[in-house]
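Working notes, beginning with the structure itself.
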Number of protein chains: 2
Amino acid sequence: MAKKRAYHHGDLRRALLQEAVRIIHTQGVEALTLRAVGEKLGVSRTALYRHFTGKAALLAAVASEGFRMLRLRLVGAWERQGGGRDGLDAMGFAYVHFAVANPSHYRVMFGGFVDDSVDPALAEEGGAAFQALVDALIAQQQQTIVRGDAPVLLAQFIWATVHGIAMLAIDGLLDRRQTDLDALIRFANERIAAGISTQKA
Amino acid sequence: MAKKRAYHHGDLRRALLQEAVRIIHTQGVEALTLRAVGEKLGVSRTALYRHFTGKAALLAAVASEGFRMLRLRLVGAWERQGGGRDGLDAMGFAYVHFAVANPSHYRVMFGGFVDDSVDPALAEEGGAAFQALVDALIAQQQQTIVRGDAPVLLAQFIWATVHGIAMLAIDGLLDRRQTDLDALIRFANERIAAGISTQKA
DNA sequence: ACCTGAACACCGTTCAAGT
DNA sequence: ACCTGAACACCGTTCAAGT
């Protein structure tokens with residue numbers, strides 16, 4: 001014990017980020033104030049400025065962390081199914097389920113809170129998550145299951161669809177009309193597969 | 001002249017809403033403060049409380065107005081093409097173009113700013129805009145051009161896709177990767193049509 | 001009914017000062 | 001290097017008061 005610590009934390013930056021994620025998850029973005037974060041960590045509300053340029057940078061770090069988590073879910077879903085058509089379907093479910101399970105966090109990632117320029121890691125993590133989808137589609141094309149369109153174009157089309165479903169679900173614009181969310185995801189998966197397949201089925 | 005007016009406006013509510021839309025369009029949501037609106041209209045910053053329950057209600061009215069505008073664009077695009085496959089394609093372009101032309105306004109409509117309960121007109125206008133798409137799809141089904149899936153399910157799938165493209169475009173997550181937005185919309189229109197068509201082409 | 005002006009409780013950020 | 005505490009300029013909202 002009696003650990004020789006500077007003022008309060010060994011890694012205050014990490015603690016600030018974790019606490020921010022926790023507050024956003026449990027109480028939403030509007031509850032995230034520098035005062036609340038500082039108080040919870042037993043630290044001055046201005047201590048954050050030693051590790052982030054401001055609140056915007058903290059939010060960017062939260063978003064970046066979100067893209068990292070999302071990518072892990074996507075890759076995990078793809079590999080668990082051993083790729084293929086089932087792998088793509090699983091990625092669709094994993095994507096929307098992540099968003100619905102972490103609505104406030106997801107909104108920070110896409111809600112216009114963040115400025116791309118404020119954190120270089122953000123663009124990198126976002127790009128890596130997108131790349132997971134591109135890679136999956138390229139693998140499908142090599143097996144001649146999917147049409148030979150530009151992989152990025154294919155990926156953007158699919159990304160937009162799952163992103164749209166996720167956003168509408170979070171905003172509560174689907175439940176209102178007797179919708180089973182999983183049924184919608186399943187339908188979207190089927191119709192997308194039919195639309196980008198090489199088969200004429 | 002010498003119009004006998006109460007204090008300042010004949011229709012302050014309408015003026016407040018218009019000014020709010022204007023500020024959001026030109027400077028973004030974060031620039032919308034009750035002080036700014038009041039000052040611009042030559043009215044106290046608390047005058048608004050006579051016509052709205054608070055800032056949230058003002059934003060809900062802005063969102064509601066946005067859905068009304070969007071619906072008019074969608075219906076206009078559909079009718080200008082005389083319906084059919086071209087009509088659906090035109091609706092897709094009209095949808096995304098509206099969002100990209102009014103990014104801040106669009107974000108108010110979908111960014112989680114509004115509480116459905118705060119304004120009954122909001123749910124109504126949002127539902128009406130969605131219904132325009134449902135109606136178009138039903139018309140297509142009657143011509144046996146589109147599969148006989150549940151119209152609402154079909155509409156949610158398509159809505160999610162254009163909504164996703166719109167959001168990603170607004171967030172600047174597409175331009176980054178050498179994308180022509182219209183090319184993406186065109187591609188999405190084609191692949192969706194292929195996915196929901198009765199033809200086996 | 002409609003609007004004002006002062007007051008209240010918040011917020012992010014700056015900055016001189018402490019260790 | 002890291003953190004504090006007071007101060008600053010903002011914000012939405014409340015409320016007694018005016019017409």
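All chains are named by letter (A, B, ...) in the order of the sequence lines, taking the proteins before the strands, and each is independently numbered beginning at 1. Because the structure is a prediction, the values reported are computed rather than measured.
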Length of the line joining A/Asp11:CG and D/dC2:P, which is rounded to integer Å: 11 Å
Spacing of B/Leu34 atom CG relative to D/dT14 atom P, expressed in whole Å: 11 Å
Suppose we define a pair by two distances each less than 3.5 Å, Watson-Crick or G-U wobble; what does D/dT14 pair with here? C/dA6
Selected nucleotide, minimal atom distance to B/Thr33 side chain, candidates D/dT14, C/dC11, D/dG12: D/dG12
Side chain of B/Thr46 only, heavy atoms from C-beta on: which candidate in D/dC2, D/dT14, D/dT4 is closest? D/dT14
Which of these nucleotides, D/dC3, D/dC11, C/dC11, is closest to any side-chain atom of B/Arg35? D/dC11
Could you state the atom-to-atom distance from CZ of A/Arg50 to C1' of C/dG12 in whole Å? 16 Å
Ranking D/dC2, D/dG12, C/dT4 by distance to the side chain of B/Ala47, first place goes to C/dT4
With a 4.0 Å cut-off on N to O distance, would you call A/Glu125 and A/Arg71 a salt bridge? yes
In whole angstrom, what separates B/Leu12's CG from C/dA1's P? 17 Å
Separation of A/Arg45 atom CZ from D/dT4 atom C1', in whole Å? 10 Å
Take the protein atom CD of B/Glu39 and the nucleotide atom C1' of C/dC3, then report the distance between them rounded to whole Å. 17 Å
Interatomic distance, A/Phe52 CZ vs C/dG12 C1' [rounded to whole Å]: 16 Å
How are the rings of B/His163 and B/Phe110 set relative to one another: parallel (under 30°), tilted (30 to 60°) or perpendicular (over 60°)? tilted
Side-chain contact check for B/Tyr49: nearest option of C/dA6, C/dT13, D/dG12 is D/dG12
Using a cut-off of 4.0 Å on non-hydrogen atoms, how would the nucleic acid contact of A/Leu48 be classed: base, sugar-phosphate, or nothing? nothing
Side chain of B/Val43 - closest among D/dC2, D/dT13, C/dC3: C/dC3
Nucleotide D/dG12, atom P - distance to CG of B/Leu16 in whole Å: 13 Å
Going by atom types alone, do A/Thr144 and A/Thr198 pair a side-chain donor with an acceptor below 3.5 Å? no
Are the charged groups of B/Asp86 and B/Arg80 less than 4.0 angstrom apart, N to O? no
Within less than 4.0 Å of OP1 or OP2 of D/dA1, is there a side-chain N or O belonging to A/His51? no
Scan every strand shown for a Watson-Crick or G-U wobble partner of D/dA1, both distances under 3.5 Å, and answer none if you come up empty. C/dT19
Please work out whether the ring planes of B/Tyr106 and B/Phe98 are parallel, tilted or perpendicular, with thresholds of 30° and 60°. perpendicular
